[in-house]
Amino acid sequence: MARLHEPSLHAMAIEVGRLGRRHVISRSGLEAVLKDLKDREFPSAISRQTVKRQRDTTVEVQTPLGCLLSSYSVTLPEQKKTAKKPAMKAKSVELPFLAPLPLLYHLCAQESEFARMMRHVLDRYKPSRQQPLSILAYADEISPGNVLAHRLERKVQVIYWSIKEFGPVALSSERCWFLAGIARSEHVKRLPGKMSEYFRRCLEQFILPIDVREGIQVRFADGHCSMLFAAVDVIVADEVALKEMIDMKGAAGTICCPLCRNLVDHKSELHHHQDAFVPSTTIDLSLVDAQTDASVKKILDYLEEQAHGPVSKAKFSKMTQALGFNYNPHGLLRSAELDIKAVSVLMFDWMHCFCVAGLWNVEAGLLVAKLQEIGITQADLHEELQKFIWPQAIRSRGVTGQKIFAKGDQNEDIKCSASECLSVYSVLRLFLLEAMQTQDLHAIRAECDSYLRLCHVLDLLQQVKLGKTTPRALEVAVVAHLSAFKDAYQDTRFLPKHHYSLHLCRMLHPHGTLVSCWCHERKHKEIKRHAELICNTWSAWERSVMVDAACDMLDSLLEDQDQSFYGGICQPQEAPMATKQLLYRTLGAFRVAKVARSAYYAPGARVFKDDVVICHVEDLNDPLLGQVLFFASVDDAEWVCLQPWEPLGSNIFNCEGLDPVLFGLECIRDTCIFKPMPENQAAVAACSTWASW
């Protein structure tokens, strides 16, 4: 019988159930906190001030290269009242930065997985002044809180950076992208050089007061020292952010591409009046006069000269419109210290080109309208999507895209998230291929051909991070798609993004990869979470958000995680006897064997038991497709056990009859979407880069 002063187990359960209700703590968050407390001594001080002091201590680390947390003071000029802007007095603000060089030094000095990866990169590439590591920089605007609010005081500009030599697979993980700066948009807009100046200030953290181009020394936990040289090599973002960072006119300008000197928006019809101009619908880039680093510098020098000359404001505005760049003496491209090469570092984000109000959304909307003309309604498409099964990692995040046609009244571009676009485009392709075999689609043959070619481009872009896509193959696919699109829809819906897609292959060639913004969009959730919790936008609001986000980032880099930088099985458990016997018959004697229900075959790419995967095995001529039975860790090796599926042709597979096989986890290339069929068969929404089954 329990003593009166000791709560019963039932009472304790009720108390645990009440924890966090008043402050709306999620159940998963409460569980994580209780697990941390279960095996540790309860802290004596638990006030808000104590928590704040300890979090500040985490980031206020002093290294030989400086402190992790830095800032710079700036005086925002007075803003007069206009029809669109309220009046604001001049004021001084502190904009915080997470200094990149002290951060690298601190991370390398710890005994962690990241430090081991960094040492591997330095040993492999042996950077020098002549061949430095390549710094990748990214910027975007985030809107925490209620996006429909009358005034978004917590809208912020964020900047991340990473190192290209980490490899495209590791760069697919948000853990490999480091926070550099956070600033409220209303402050950035009041800077003399606006976003371009703020971005310049962030990048100057790499060269002031210590220039990483001249080399820094990092020390690892075992005492080993290495020299690190690096330079800004890639600036990637969506079109709006690139426009603000490098002061280009952008898609809405007459010169709609910063990489082409004489390419004009085809809707302006300037190419009809001046032979030197080329319309933006041109597919052959050999007809375009390409910009170079030198030509952009010459344009900016000319604008600076004219800005101080007797040119009227109206004439100067037309001059910038004709040249495709704005004049910004405080901007990124006018920094003599950074010496950014505008053309060489610029990279379009293929995610925004194709999947965020992009080419797929436009073309899928046009195709759906054509399908309705021949009797295939959006209700039919919705019903077909419900028959498919997506991998568990996609289902659990609710981004299958199965409901994009649920309303049945989308008359324009298809509205969906970028992840839903990637989830559903291949399913629509399979639907088209099946419909071509059973129905007469001759009336929309051109539209179907254009969509199939667009899908092939998306297939190739997804394979870039695996090193499976060559610049030439991508160029051929993009040109083929744009030609088919023009045949199907003429020039009426040809967008600047269609033209930008032509430059992707030329960006892939020198850099060896295409950096996209998928992981950045995931990383935004961390910033949003902290920014939404801190409602009072007082003077130190940015610093508070920066400290909270930086603490989370350091924890993810320095503590053990389920998701490693290069993949691995998750939460392995002792293997049962039947599984051990199967492993022994296949692999021979071993010391330790553990099994798991899920694994990361690449950062951010998780696969679960019962998912269908595609594997590439050296001993087999063709790729192998099968359903996962379990994952195993045997001594130092990791394996996946599959139930192979037998190809029957036309993307149809027999799901039974073959014996289970064991392959290395690294053989997994992708997860598959499939549709169950009678007689233990399934139709797979295959990628065009896999194989023809």
Side-chain angles (χ1 to χ4, degrees), residues 234-236 239 242-243 246 248-299 321-325 341-350 352-354 358-359 362-363 446 449-450 453-454 456-461 464 469-515:
V234 172
I235 295 175
V236 63
E239 189 269 339
L242 288 175
K243 173 182 176 180
I246 67 172
M248 68 180 189
K249 285 297 184 181
T254 304
I255 304 294
C256 56
C257 177
L259 302 177
C260 301
R261 302 177 66 177
N262 62 335
L263 186 101
V264 296
D265 185 354
H266 68 281
K267 295 188 294 295
S268 70
E269 298 187 351
L270 287 175
H271 56 285
H272 293 314
H273 308 289
Q274 179 58 258
D275 293 338
F277 291 138
V278 175
S280 57
T281 53
T282 300
I283 296 177
D284 186 0
L285 286 184
S286 65
L287 302 177
V288 177
D289 186 8
Q291 290 276 24
T292 64
D293 296 325
S295 66
V296 171
K297 186 178 185 303
K298 188 175 181 180
I299 288 173
Q321 181 181 358
L323 294 174
F325 285 88
K341 309 298 184 185
V343 174
S344 299
V345 303
L346 186 65
M347 182 172 288
F348 295 132
D349 168 38
W350 70 261
H352 281 89
C353 283
F354 285 89
L359 305 188
V362 171
E363 187 150 349
D449 180 58
S450 179
R453 293 183 183 278
L454 171 62
H456 182 54
V457 174
L458 288 172
D459 291 340
L460 290 173
L461 289 171
V464 165
T469 301
T470 64
R472 178 57 182 165
L474 182 60
E475 181 179 19
V476 170
V478 169
V479 170
H481 164 243
L482 296 183
S483 298
F485 182 83
K486 293 184 69 172
D487 290 343
Y489 306 106
Q490 288 72 52
D491 294 342
T492 55
R493 292 304 307 274
F494 206 93
L495 305 176
K497 289 184 177 182
H498 284 98
H499 172 76
Y500 295 162
S501 68
L502 285 168
H503 287 290
L504 291 175
C505 55
R506 301 194 174 193
M507 294 171 177
L508 175 60
H509 177 71
H511 297 293
T513 187
L514 291 175
V515 182

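It should be emphasised that the depicted structure is a prediction, and the values quoted were computed from it without experimental measurement.
- For the atom pair CE (M248) and CD (E239), the distance works out to 4.5 Å, reported to the nearest 0.5 Å.
- In this structure, the side chains of R506 and L285 come closer than 4.5 Å at one or more pairs of heavy atoms.
- Counting all heavy atoms, side chain and backbone alike, M507 lies closest to L346 at CE-O, 3.7 Å.
- Under the side-chain hydrogen bond (donor to acceptor under 3.5 Å, both in side chains) test applied with H481, the options H498, E363, K486 reduce to a single match, E363.
- Using bins of under 30°, 30° to 60° and over 60° for the plane-to-plane angle, the ring pair Y500/F348 lands in the parallel bin.
- To the nearest 0.5 Å, atom CG of residue L359 and atom SG of residue C353 are 6.5 Å apart.
- From R261, atom CZ reaches atom OG1 of T292 across 7.0 Å, with rounding to the nearest 0.5 Å.
- Residue H509 holds its NE2 atom at 12.5 Å from CZ of R472, rounded to the nearest 0.5 Å.
- In terms of heavy atoms, T469 sits closest to L460 at OG1-O, 2.6 Å.
- The minimum heavy-atom distance linking H499 with C257 is given by the pair NE2-SG, 3.5 Å.
- In this structure, the side chain of S280 engages the main chain of H266 through a donor-acceptor pair within 3.5 Å.
- If you take CG on L323 and CD1 on I299, they are separated by 5.5 Å, rounding to the nearest 0.5 Å.
- Side chain of D293 to main chain of V343: a donor-acceptor pair is present (N/O by atom type, distance under 3.5 Å, no hydrogens or angles).
- In plain terms, the two heavy atoms of E475 and C505 that are nearest each other are CB-SG, 3.5 Å.
- The distance from the CG atom of L482 to the OG atom of S501 is 4.5 Å, given to the nearest 0.5 Å.
- Between the side chain of D289 and the backbone N or O of N262 there is no donor-acceptor pair closer than 3.5 Å.
- With S483 contributing its side chain and V479 its backbone, the two residues share a donor-acceptor pair below 3.5 Å.
- Using a 4.5 Å heavy-atom threshold, the side chains of F354 and L504 count as touching.
- Between F325 and K249, the shortest heavy-atom distance links the atoms N-CG, 4.0 Å.
- Taking 4.0 Å as the cut-off between side-chain N and carboxylate O, R453 and D449 count as a salt-bridged pair.
- What you find for V278 and V288 is that their closest heavy atoms are CG1-CG2, 4.3 Å.
- Annotation: side chain of P496 is not in contact with side chain of D265 (no heavy-atom distance under 4.5 Å).
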